[in-house]
Engineer: 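One structure follows; several queries about it will come next.
Residue numbers start from 1 in every chain, and the chains themselves are labelled A, B, ... in the order their sequence lines are given, proteins ahead of strands. As a basis for the values below, the full set of heavy atoms in this structure was taken, side chains included, without hydrogen atoms, waters or symmetry mates. All figures in this text were calculated on a predicted structure; none of them were measured in a lab.
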Amino acid sequence: MAVRGSSGSKLGFYPNLNVRNIAQEWVQESRRLFYLRTANNVTNNIYKGSTTLWAGNVQNELSEDRRGLNYPYLQNLRERVSSNSIVNRHGNSQELVRHRMVNQPVQSVPAPISVVNNSAKCLSMPRASKVEIPWRDYSPAEDPLLDKANTEVILELDDKVHDGDDKKEKKLVVKKVVSPLPTKAVFSEESLKARKALASIYDKVLVVDNIESARSIVKLLTTKYKSFIHACDTEVANIEAKEETPVGHGEVICFSIYSANSDVQAADFGNGKTCIWVDVLDGGRGVLMEFAPFFEDPSIKKVWHNYSFDNHVIENYGIKVAGFRADTMHLARLWDSSRKIDGGYSLEGLTNDRRVMDTVPEDLPKPGKISMKTIFGRKKVRKDGSEGKVVSIDPVKELQREDRELWICYSSLDSMSTLRLYESLKRKLETRRWVLDGCPRGTMYDFYEQYWCPFGALLVKMETEGMLVDRGYLSEIEKAAIAERELAADKFRKWASKYCPDAKYMNVNSDTQIRQLLFGGIENRHKSGETWPQSKTFKVLNEENVATEGKKTSKYRTIKLCSIVEDLKTDMFTPSGWPSASGDALRSLAGKIPTEYIYTMGDIQEDDEDSSGSENPDGDSSYGTAYEAFGGGKNGKEACHAIAALCEICSIDSLISNFILPLQGDRISCAEGRIHCSLNINTETGRLSARTPNLQNQPALEKDRYKIRQAFVAAPGNSLIVADYGQLELRILAHLTNCKSMLDAFKAGGDFHSRTAMNMYQHIRDAVHEKKVLLEWHPQPGQEKPPVPLLKDAFGAERRKAKMLNFSIAYGKTALGLSRDWKVSVKEARDTLKLWYGDRKEVLAWQKSQKKLAREKCEVYTLLGRSRHFPNLTQFGPGQRGHIERAAINAPVQGSAADVAMCAMLEIERNARLKELGWRLLLQVHDEVILEGPSESAEVAKAIVVECMSKPFHGTNILKVDLAVDAKCAKSWYAAK
DNA sequence: TCGTAGTACCTC
DNA sequence: CACTGAGGTACTACGA
């Protein structure tokens, strides 16, 4: 066992360790990862062949980690180093050259040597065409870098002559790495107190660290305490829980189980031990496997806090966890869906909140969990003796071994407080009545058992399934996207540098810099008096190694950007009052520019007469406000083209860094190439949200310029079924408000928006009555065209408005907002709104009632009876009050839609036939579900899915409207839409 | 140096 | 007065 004592760790001797090779590999790998993280800056470096990297960012990967060494590649290297498996690629040269840039600021990255010792230390790495100092001339004692990095690395030269090598190169071996803490780290007063309190539970913990004791405990758990409720919690190393999927990642180092019966009586494991703590790290994997019968028994009920995570890390060992009883996170969300403060839904926040924990159990030292930071966090001491600010926590494995007693207490407390939290929340939910669509149905805990508990288990299953991603395709479109972005960026920079030379080096991704160029000198809309400066300096990467006079070239240089245009008019502003540099704003400046102008660098010919103004000299183009501001004519056109290019850059860049790159990363996908996002019930309305990566915001079909959805595919021999509800929220609104007009419109079927338009406008109604237009048209055999125009063609503008209103009303959109969107007067917008409400009085009345509910009871309810709580309205100003009122009318609609979608998924999950055919749910996107299964049964399965979704409430539909479902099957997500 | 605020972009 | 709901994520600039 590696123990770091005061004398430092012993690493032994690695005869064939070619540090340089490892280092280079390491650099390449970190470049790749780095590139994934910050597409913008680093792609430039990569494409220009520089090897420069920032140590800081890479180090962050390590230091951010509180749970041990997480960086997968480093982990891999570490294993290779310690298993002596590194062989010299060339078989001869064992020379390590220590590269240093003479007289340069140190460009350092942590080198693999430090990896051995589990912490980031710096050795500088080569940079192209710089002076290199060979290692043999290098003296660590004189290297200021080592001081800087607070490292003490002892590297020794091996004097052995290489066989038959007349060059007699010396080679470097890593003899020893001593890594004392740079400065002493200390616990704060608060930590010391917490540690003392925590230590008191040690007597109650039974430590299991060998197979024999594991066996006897599992026997107890599966017999005597079988009917108890067991709270379980794992501690995991080697995972960045915020960024990585736990599917296929992470190493369980220990876990704890705390059990109690229905009388809140804790299980007794002898000698007053009530909590089991199992050491997997040093007890071995076998100890964990002994617990498989316990975890896998569906009749043994387990409670978890964030079940998803623990489930995945345990399943990574091949244990199929069953017997899911409750997830305290979901219980807490059900109890109060809008905890934003007091620790949110973290175990610590919940268990220390008196409103949540009704009784403070006497066997816990504090009301609840104490954070890792409080117990194990230490502040570094500065050289002058003062207390530093940064709190550091040792990797969890070290904690488990070196601060063992406290660690055991800490870990055990997690399961203990989880169980207490469960009991408390259960009691609370049991006191709350459950009313489903107006009918009393018991308590909210019953609701949990019937809906969210199986739903929680289903979500975990879906996460485990994951979605297959075609990486080859993604790397293809990545190339295309990067090429287009570079082209557009060059075009813009070239144009801008005509007005402001330094713009040649600007960062086109910085909205601040764009704002500087276009709106310098403009006054803040909200705070009169404040103006954006005329010019400003920015730090940018020194890509072309431009030397500032008197100084050597360095990584950064400053550029000065100044306003390049006077009085550019814009009507879009950010919330803080500055002009917006968003795509929308820029597009209105540029006007409508055909794409061929965006990706061509050629200058505009002076062919057409200047007098054309902004009229439309080039056929397809129509120029925006920038045309005039830049003086019209050729300059005006160029400006518009360049600004249009800028819009493209923004959207391309976000496509790359939000979708294309993350989907290819290893952090979030697994060996089989499937993406496992985490699906959470963590919204205030009860919708799902998806993370790491967020698969719910993949570009929609129309906007998907690179067809990213085409990268989501079915496995060979399989197909996807994509099924979505049509106008789900509107149907819910019709049901909730009992609005006759809407219910009728849905009953009649066809195009709902056309029908809305007809009900709003008398002249359309007349036209329909006189059969001058058709509401909708189902082509009969032999008919090529409809006999009379369709409503949506004849009255396109009206229908668009109607559609817009249909969507906006549920959100509580105001006349003012509409007027701005439609660029009409407020009065006109208000009149249109009145038209919409004209035959939908029930909606207006219902909205009023919801506002009243929010005001008086501070709560509104969804179809299934979940509540959303609001703060007392009287304490807010009109602005916030308006926001809460809109939320109050939106929450029941959105929440009920989420309820319906959940029911549909449960219905699909329960369907035996689908299971038999091998179809599995993969993903839900609010009103859409995606399944994967064998192609041969796709059509059958599709019909079943449609059936489940249209009758989602145990085979019936309790709504007053039908649920329209559109389903397709295909090989990819793109094709199935 | 790190964390946060502001801005932006993507979804239903 | 303020001005459509619910989310996730990335990047830049800036201050402690």
Side-chain angles (χ1 to χ4, degrees), chain A residues 36-41 54-57 59-60 63-64 242-243 337-338 388-391 507 509-515 536 538-540 573-578 580-586 647 650-659 661-662 677-678 680 682-701 703-704 708-709 724-725 727-729 804-805 807-821 826 829 868 876-895 897-898 901 924-928:
Chain A
L36 291 175
R37 285 173 72 88
T38 58
N40 178 40
N41 295 324
W54 291 307
N57 286 286
Q59 279 183 306
N60 287 345
S63 59
E64 276 168 14
K242 288 201 183 86
E243 294 178 2
S337 70
S338 36
K389 224 178 166 185
V390 274
V391 178
N507 178 355
N509 240 15
S510 159
D511 39 80
T512 320
Q513 291 180 27
I514 293 167
R515 201 168 285 124
K536 209 173 165 182
F538 294 93
K539 255 186 174 175
V540 293
F573 294 87
T574 67
S576 58
W578 298 111
S580 164
S582 66
D584 269 355
L586 294 179
C647 303
C650 297
S651 76
I652 295 175
D653 207 80
S654 97
L655 284 180
I656 295 175
S657 51
N658 279 318
F659 308 113
L661 293 181
C677 70
S678 103
N680 316 296
N682 62 358
T683 61
E684 299 208 19
T685 56
R687 269 190 177 181
L688 292 183
S689 83
R691 287 184 52 234
T692 59
N694 180 359
L695 293 184
Q696 291 182 320
N697 70 343
Q698 299 304 309
L701 291 192
K703 284 194 183 170
D704 196 357
I708 290 171
R709 280 169 123 111
D724 64 308
Y725 282 114
Q727 299 98 26
L728 180 57
E729 293 200 355
M804 173 79 120
L805 280 176
F807 284 118
S808 307
I809 291 303
Y811 301 154
K813 190 148 183 161
T814 58
L816 217 81
L818 282 175
S819 71
R820 205 165 38 200
D821 280 4
V826 181
R868 176 169 174 189
F876 295 105
Q880 284 197 292
R881 189 146 55 196
H883 183 83
I884 293 174
E885 283 179 349
R886 284 188 295 277
I889 59 174
N890 174 254
V893 179
Q894 196 183 106
Q924 182 242 53
V925 190
H926 308 132
D927 64 351
E928 169 183 333

Engineer: I want to verify a distance call: between C:dT4, C:dT9, B:dC9, whose nearest atom is closest to the A:N694 side chain?
Structural biologist: C:dT9
Engineer: Taking OP1 and OP2 of C:dG8, is either one under 4.0 Å from a side-chain nitrogen or oxygen of A:S689?
Structural biologist: yes
Engineer: What does A:Q696 touch in the nucleic acid at a heavy-atom separation under 4.0 angstrom: a base, only the sugar-phosphate, or nothing?
Structural biologist: sugar-phosphate
Engineer: Could you tell me whether the phosphate oxygens of B:dC12, OP1 or OP2, come under 4.0 Å of any side-chain nitrogen or oxygen in A:Q698?
Structural biologist: no
Engineer: Heavy atoms, side chains only, cut-off 4.5 Å: are A:I884 and A:F876 in contact?
Structural biologist: yes
Engineer: Roughly how many Å apart are B:dT7 and C:dA2, using the P atom of each and rounding to a whole number?
Structural biologist: 16 Å
Engineer: Is the backbone of A:G895 close enough, under 3.5 Å, to the side chain of A:T685 for a donor and an acceptor to pair up by distance?
Structural biologist: no
Engineer: Does the side chain of A:N658 get closer than 4.0 angstrom to OP1 or OP2 of B:dA8 through an N or O atom?
Structural biologist: no
Engineer: Figure out the CD1/P separation between A:I889 and C:dG5, and round it to whole Å.
Structural biologist: 10 Å
Engineer: Which is it for A:Q894 and A:T683 under the side-chain contact (heavy atoms from CB on, under 4.5 Å) test, yes or no, and what are the steps along the way?
Structural biologist: CA-CA 11 Å; A:Q894 196 183 106; A:T683 61; 5.7 Å; no
Engineer: Among C:dA13, C:dA10, C:dT9, which nucleotide has an atom closest to any side-chain atom of A:S657?
Structural biologist: C:dA10
Engineer: How close or far is atom P of C:dG7 from atom CD of A:E928, stated in whole angstroms?
Structural biologist: 20 Å
Engineer: Counting only side-chain nitrogens and oxygens, does A:T814 get under 4.0 Å of the OP1 or OP2 atom of C:dT4?
Structural biologist: yes
Engineer: Using a cut-off of less than 4.0 Å, is there contact between a side-chain N or O of A:R691 and OP1 or OP2 of C:dT9?
Structural biologist: yes
Engineer: Nearest whole Å is fine: how far is B:dA8 P from A:F573 CZ?
Structural biologist: 12 Å
Engineer: For B:dT7, does either OP1 or OP2 sit under 4.0 Å from a side-chain N or O belonging to A:T574?
Structural biologist: yes
Engineer: If you apply the rule side-chain contact (heavy atoms from CB on, under 4.5 Å), what do you find for A:Q696 with A:Q924, and how did you get there?
Structural biologist: CA-CA 8 Å; A:Q696 291 182 320; A:Q924 182 242 53; 3.7 Å; yes
Engineer: Can you see if the side chain of A:R687 gets near the phosphate of C:dG7 - specifically, an N or O under 4.0 Å from OP1 or OP2?
Structural biologist: no
Engineer: Just checking A:S808: base, sugar-phosphate only, or nothing, at a heavy-atom cut-off of under 4.0 Å?
Structural biologist: nothing
Engineer: Quick check on C:dA13: is either OP1 or OP2 less than 4.0 Å from any side-chain nitrogen or oxygen of A:R515?
Structural biologist: no
Engineer: Hey, does A:F538 reach any base, or is it just sugar-phosphate, or nothing, if we go heavy atoms under 4.0 Å?
Structural biologist: sugar-phosphate
Engineer: If you only use heavy atoms from C-beta on, which nucleotide in C:dA6, C:dA13, B:dC10 is closest to the side chain of A:F659?
Structural biologist: B:dC10
Engineer: Base, sugar-phosphate, or nothing for A:G817, non-hydrogen atoms under 4.0 angstrom?
Structural biologist: sugar-phosphate
Engineer: For a quick check of understanding: with a heavy-atom distance under 4.0 Å over all strands, which category does A:A690 fall into, base, sugar-phosphate or nothing?
Structural biologist: sugar-phosphate
Engineer: How close or far is atom C1' of C:dT12 from atom CG of A:D653, stated in whole angstroms?
Structural biologist: 12 Å
Engineer: So, OP1 or OP2 of C:dA6: does either fall under 4.0 Å of a side-chain N or O from A:H883?
Structural biologist: yes
Engineer: Does A:N682 put a side-chain nitrogen or oxygen below 4.0 Å from OP1 or OP2 of C:dG7?
Structural biologist: no
Engineer: Rounded to the nearest 0.5 Å, how far apart are OG of A:S678 and CG of A:L695?
Structural biologist: 10.0 Å
Engineer: Taking the side chain from A:R687 and the backbone from A:A897, do they hold a donor-acceptor pair closer than 3.5 Å?
Structural biologist: no
Engineer: Working to the nearest 0.5 Å, report the span between CG of A:N890 and CZ of A:R868.
Structural biologist: 7.5 Å
Engineer: Just N and O in the side chain of A:S510: are any of them under 4.0 Å from OP1 or OP2 of C:dC11?
Structural biologist: no
Engineer: Choose from B:dC12, C:dG5, C:dA10 the nucleotide whose nearest atom is closest to any side-chain atom of A:A887.
Structural biologist: C:dG5
Engineer: Separation of A:D704 atom CG from B:dC10 atom C1', in whole Å?
Structural biologist: 11 Å
Engineer: Nearest-Å distance, CG (A:L818) to C1' (C:dT4)?
Structural biologist: 9 Å
Engineer: Can you tell which of C:dA13, B:dC10, C:dT4 lies closest to the side chain of A:S651?
Structural biologist: B:dC10
Engineer: Would you classify A:E684 as touching base, sugar-phosphate or nothing, given that sugar-phosphate means primed atoms plus P, OP1 and OP2, and contacts are heavy atoms under 4.0 Å?
Structural biologist: sugar-phosphate
Engineer: Across the strands shown, which category fits A:G583 at heavy-atom distances under 4.0 angstrom: base, sugar-phosphate, nothing?
Structural biologist: sugar-phosphate
Engineer: What is the nucleic acid contact for A:E729, judged by heavy atoms within less than 4.0 Å: base, sugar-phosphate only, or nothing?
Structural biologist: nothing
Engineer: Given C:dA13, C:dT9, B:dC12, identify the nucleotide with an atom nearest to the side chain of A:T692.
Structural biologist: C:dT9
Engineer: Looking for any heavy atom pair under 4.0 Å, which part of the strands does A:A581 touch: base, sugar-phosphate only, or nothing?
Structural biologist: sugar-phosphate
Engineer: Taking only the side-chain nitrogens and oxygens of A:R868, find out if one of them lies under 4.0 Å from OP1 or OP2 of C:dA6.
Structural biologist: yes
Engineer: Is any side-chain N or O of A:K536 closer than 4.0 Å to OP1 or OP2 of C:dC14?
Structural biologist: yes
Engineer: Between atom CG in A:L688 and atom C1' in C:dG7, what is the gap in whole Å?
Structural biologist: 11 Å
Engineer: Counting the atoms with a prime plus P, OP1 and OP2 as sugar-phosphate, which does A:P699 contact under 4.0 Å by heavy atoms, base, sugar-phosphate, or nothing?
Structural biologist: sugar-phosphate
Engineer: OP1 or OP2 of B:dA8 less than 4.0 angstrom from a side-chain nitrogen or oxygen of A:S580, does that happen here?
Structural biologist: yes
Engineer: Just verifying a value: how many Å separate A:C650 SG and A:D584 CG, rounded to the nearest 0.5 Å?
Structural biologist: 11.0 Å
Engineer: Specify the separation, in whole Å, of atom CG of A:D724 and atom C1' of B:dT11.
Structural biologist: 14 Å
